[in-house]
Chemist: 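Could you have a look at this structure, given as structure tokens, before my questions?
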Number of protein chains: 2
Amino acid sequence: MTDAEITTADALAQLSFLVLRTIEQTSAAHGLSPAQARMLGILRDREPLMTELGARLGLDKSSVTGLVDRAERRGLVERFRSAVDGRAIHVRLTPEGRERTARAEADFTAAIARLVSGLSAAEVAQLTRIAGRVVADAP
Amino acid sequence: MTDAEITTADALAQLSFLVLRTIEQTSAAHGLSPAQARMLGILRDREPLMTELGARLGLDKSSVTGLVDRAERRGLVERFRSAVDGRAIHVRLTPEGRERTARAEADFTAAIARLVSGLSAAEVAQLTRIAGRVVADAP
DNA sequence: TATTGTTATACTCTATAACTATA
DNA sequence: TATAGTTATAGAGTATAACAATA
């Protein structure tokens, strides 16, 4: 009974703050904001329309315009017109953006490994599996 | 082999975005920003100095000034001078702030319960225990 | 008319640097 | 001198509402 009891909500909230802080730190080390890092991660294997990007990020279209504007100004992404719809615009990584994304992700993976380094291999596997289930089940 | 393999880093990043979105939604339903909700949660059982609050939140003192300003304007918190140090200022919840905090937390707890409703009771317990361990081990 | 995207505007959040008041 | 806090300023991120261009 020396360990404090902790609710699921508390444990997940605190774990999330920890992971988000890790994302902030590794992003910042590569000159990226967390929002940009998240967008670049999505663009790693897609060239979505502005609207689709907004849907994936859960952001309003005007927010996506600003996010893409700032990333484009930094040479990380570029816009190009849809071949089939004159109104629609795709976004994709530039080579520079792709490199930065890869390096930031490698650092993030290493940081997460340090974060769970106090767990046994079996516990890490359980955590990964259960977290993956929650994410997959989510609406 | 029908399930996609997922890395620990990916699973935790996605879970964290999911939890953060839940915090945003339940906060917004009570007229709070995520940053405010987090601050109010800290103030639930403390009356810290501005500096101590900043240390707990990991924020610069000027950021804390703004955060407390906006919360004070909404009647959620109040400042009061230290009895022992003429420079120092404590922050505490108002009765209104305490009520809002309690209601938002209850909603958040319910939302997290829905998030993990696809897991077995044993899995929820495992997730809670392991997440708690990671948080407790973190620097 | 409906949809795609941008612009104008406003607010929150955050940091750095300069400042005031107290220790 | 050093510390606690505020102010001035700047930039990112977000949303709502109004708009232009295309479907």
Side-chain angles (χ1 to χ4, degrees), chain A residues 17 20-21 23-25 27-42 47-92 100 104, chain B residues 17 20-21 23-25 27-42 47-92 100 104:
Chain A
F17 285 131
L20 290 169
R21 201 202 302 166
I23 290 174
E24 276 171 14
Q25 289 170 345
S27 302
H30 294 272
L32 303 174
S33 69
Q36 303 238 327
R38 195 179 166 207
M39 176 178 69
L40 297 188
I42 289 175
E47 299 186 350
L49 299 178
M50 296 289 284
T51 309
E52 293 168 349
L53 184 54
R56 281 191 185 267
L57 291 166
L59 297 179
D60 185 82
K61 55 191 177 164
S62 64
S63 304
V64 178
T65 295
L67 201 53
V68 172
D69 278 353
R70 290 185 293 273
E72 197 168 31
R73 227 182 290 137
R74 282 163 185 68
L76 302 172
V77 306
E78 57 193 8
R79 289 170 160 98
F80 62 101
R81 307 201 66 87
S82 163
V84 298
D85 186 335
R87 301 167 299 179
I89 294 187
H90 292 269
V91 191
R92 70 177 158 224
R100 291 265 279 282
Chain B
F17 285 131
L20 182 65
R21 201 200 304 165
I23 291 174
E24 277 171 10
Q25 289 170 346
S27 302
H30 295 271
L32 303 173
S33 69
Q36 303 235 328
R38 194 178 167 210
M39 175 177 70
L40 297 188
I42 289 175
E47 299 186 350
L49 299 178
M50 296 290 284
T51 309
E52 293 169 349
L53 183 55
R56 281 190 184 267
L57 291 167
L59 296 179
D60 186 82
K61 55 190 176 165
S62 65
S63 304
V64 179
T65 294
L67 202 53
V68 171
D69 279 352
R70 290 184 293 272
E72 198 168 30
R73 225 181 293 136
R74 282 164 185 67
L76 302 172
V77 306
E78 57 193 7
R79 289 170 160 97
F80 63 100
R81 308 203 64 88
S82 164
V84 298
D85 186 334
R87 300 166 301 177
I89 294 185
H90 292 268
V91 191
R92 70 178 157 223
R100 291 265 278 282

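Lettering follows sequence order; numbering is per chain, from 1. What you are looking at is a predicted structure, and each value in this text was computed from that prediction instead of being measured. Heavy-atom basis, side chains included; hydrogens, waters and symmetry copies ignored.
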Chemist: For A:Asp85, report the nucleic acid contact type (base, sugar-phosphate, nothing); a contact means any heavy atom under 4.0 Å.
Modeler: sugar-phosphate
Chemist: Check the distance between D:dG5's P and B:Leu53's CG and give it to me in whole angstrom.
Modeler: 10 Å
Chemist: Taking atom P of C:dG5 as reference, at what distance in whole Å does atom CG of A:Leu59 sit?
Modeler: 14 Å
Chemist: What is the distance from CG of B:Leu49 to C1' of C:dA23, rounded to the nearest Å?
Modeler: 14 Å
Chemist: Can you tell me whether the side chain of B:Arg70 and the base of C:dT12 have a donor-acceptor pair closer than 3.5 Å?
Modeler: no
Chemist: Measure the distance from CG on A:Leu57 to P on D:dT14 and round it to the nearest whole Å.
Modeler: 8 Å
Chemist: Which one, D:dT6, D:dT14, D:dA12, comes nearest to the side chain of A:Arg73?
Modeler: D:dA12
Chemist: Identify, between A:Met50 and B:Leu67, the residue whose nearest nucleotide on DNA chain C lies closer to the 5' end.
Modeler: A:Met50
Chemist: Would you mind telling me which of D:dT6, C:dA15, C:dT4 lies closest to the side-chain atoms of B:Ile89?
Modeler: D:dT6
Chemist: Specify the separation, in whole Å, of atom CD of A:Gln36 and atom P of D:dG11.
Modeler: 15 Å
Chemist: Where the side chain of B:Arg79 is concerned, which of D:dT6, C:dA15, C:dT4 is the nearest nucleotide?
Modeler: D:dT6
Chemist: Hey, which of these two, A:Ser62 or A:Arg87, hits DNA chain C nearer its 5' end, going by closest nucleotide?
Modeler: A:Arg87
Chemist: CG of A:Leu76 to CZ of A:Arg100: how many Å apart, nearest 0.5 Å?
Modeler: 5.0 Å
Chemist: How about B:Val91 and B:Glu72: do any of their side-chain heavy atoms sit closer than 4.5 Å?
Modeler: no
Chemist: Rounded to whole Å, please give me the gap between CG in B:Asp60 and P in C:dT14.
Modeler: 11 Å
Chemist: Looking across every strand, which nucleic acid part, if any, lies under 4.0 Å from A:Gly86 by heavy atom: base, sugar-phosphate, or nothing?
Modeler: sugar-phosphate
Chemist: Let me confirm one number: the NE2-CE distance from B:His90 to B:Met50, rounded to the nearest 0.5 Å.
Modeler: 12.0 Å
Chemist: Could you work out which one of C:dT4, D:dG5, D:dA15 sits closest to the side chain of A:Lys61?
Modeler: C:dT4
Chemist: Could you state the atom-to-atom distance from CZ of B:Phe80 to P of D:dG5 in whole Å?
Modeler: 12 Å
Chemist: Can you identify which nucleotide, out of C:dG5, D:dA15, D:dG5, has its nearest atom closest to the B:Thr65 side chain?
Modeler: D:dG5
Chemist: Can you find a pair of side-chain heavy atoms, one from B:Leu67 and one from B:Leu53, that are under 4.5 Å apart?
Modeler: no
Chemist: Roughly how far, to the nearest 0.5 Å, is the CD1 atom of B:Ile42 from the CD atom of B:Glu52?
Modeler: 11.5 Å
Chemist: To the nearest Å, give me how far apart CG (A:Leu32) and C1' (D:dG11) are.
Modeler: 16 Å
Chemist: With a non-hydrogen cut-off below 4.0 angstrom, is A:Arg74 in contact with a base, only sugar-phosphate, or nothing?
Modeler: sugar-phosphate
